[in-house]
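Being a predicted model, the structure only gives us computed values, none of them experimental. Both counts, for ligands and for their atoms, begin at 1 and track the order of listing.
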Amino acid sequence: MTRGKAEPKVAIPKQGFVVAIDGPAGTGKSSVTRRLAEVLDFTHIDTGALYRAVAYLLMKQGTNITADPEDAVKLARSVHLEFKRQPKKNPANRIFADGRDLTDLIRTPEISMSASRVSAIPGVRAALVGLQRRLGCVGRTILEGRDIGTVIFPDADIKFFLTASVDERAKRRLAELEAAGKDAPSFEDVKTQIADRDRADSTRAIAPLKRAEEAVEVDTSEMTLDEVVHAMETRIRAQMGLALRGKKKT
Ligand code: DC
């Protein structure tokens, strides 16, 4: 793990300890964040699910995102998005749009690509910033995304940036598809999809995917899920201890 230089802080009112986890798809971000939220008893906020939900609803209403970005902005502004925990379901953390559970409908490759396109529209990002801050401000939260440490919570208590080689990420994606009994594309096709989405997410004009300077970088290529969770949990607990000691002094 490497740690960069400190970044300028921006004042955003937050009540509890906030953990920011950013990085591209396939680095194990979602599994790691889910596990950390469980062991630390933090609220988990999967910000990618917000963009996926908007992309899904646009697809359902037949909007061409590239031709009609304003329709995407209108929808992102008007839809009511929320997370609810339903411990009996898998995953337990569910995303609802206007009261409808979309969790099982937003994980297709098509929605991944269109969520990436939707997320490059400045008005859509602007519509979702306030919601993400509100969700993260209440109590102890762990947020995963692309711009949590850079834009949503520049004053997060601890920031991580997860990476892994494209080959390793493609291997993991194929294993996931096979485990889910889905028709698996070729290894080369998966690699191309991953590289295309990385390029789109990191080269967009607004809030591109990039490591916050002070984020702890974790290359998960050669690590098991348990090892990643353990390493990050240790850093978070140490930081929580520091935060607590800092508070006691004042
Ligand atoms: O993490 P994910 O694969 O579910 O995210 C889907 C898309 O949403 C991703 O391609 C980029 C976008 N996204 C974003 O721009 N900012 C975030 N904080 C989270 C996701």
Subject >> Other residues, nucleotides, ligands: >12 heavy atoms within 6.0 Å of Gln61 CD >> reply: yes

**OP:** With sequence neighbours left out, write down each residue that passes side chain to side chain donor-acceptor pair (under 3.5 Å) with Thr43, or none if nothing qualifies.
**Re:** none

Original post:
Is a side-chain donor-acceptor pair under 3.5 Å present for Arg172 with Ser31?
Top reply: no

Subject >> Sorted by chain and number, the residues that approach ligand 1 to under 4.0 Å with a heavy atom >> reply: Lys29, Thr47, Gly48, Tyr51, Arg52, Arg107, Ala115, Ser116, Ser119, Arg125, Gly145, Arg146, Asp147, Arg197, Asp201, Arg204

Subject >> Any residue meeting side chain to side chain donor-acceptor pair (under 3.5 Å) with Arg117, in chain and number order, not counting sequence neighbours >> reply: none

**OP:** Return the set of residues passing side chain to side chain donor-acceptor pair (under 3.5 Å) with Glu70 (not counting sequence neighbours), or none when no residue passes.
**Re:** none

**OP:** Provide the closest heavy-atom pair for Thr141 versus Val138 in the form atom of the first, atom of the second, distance.
**Re:** CG2-O, 3.6 Å

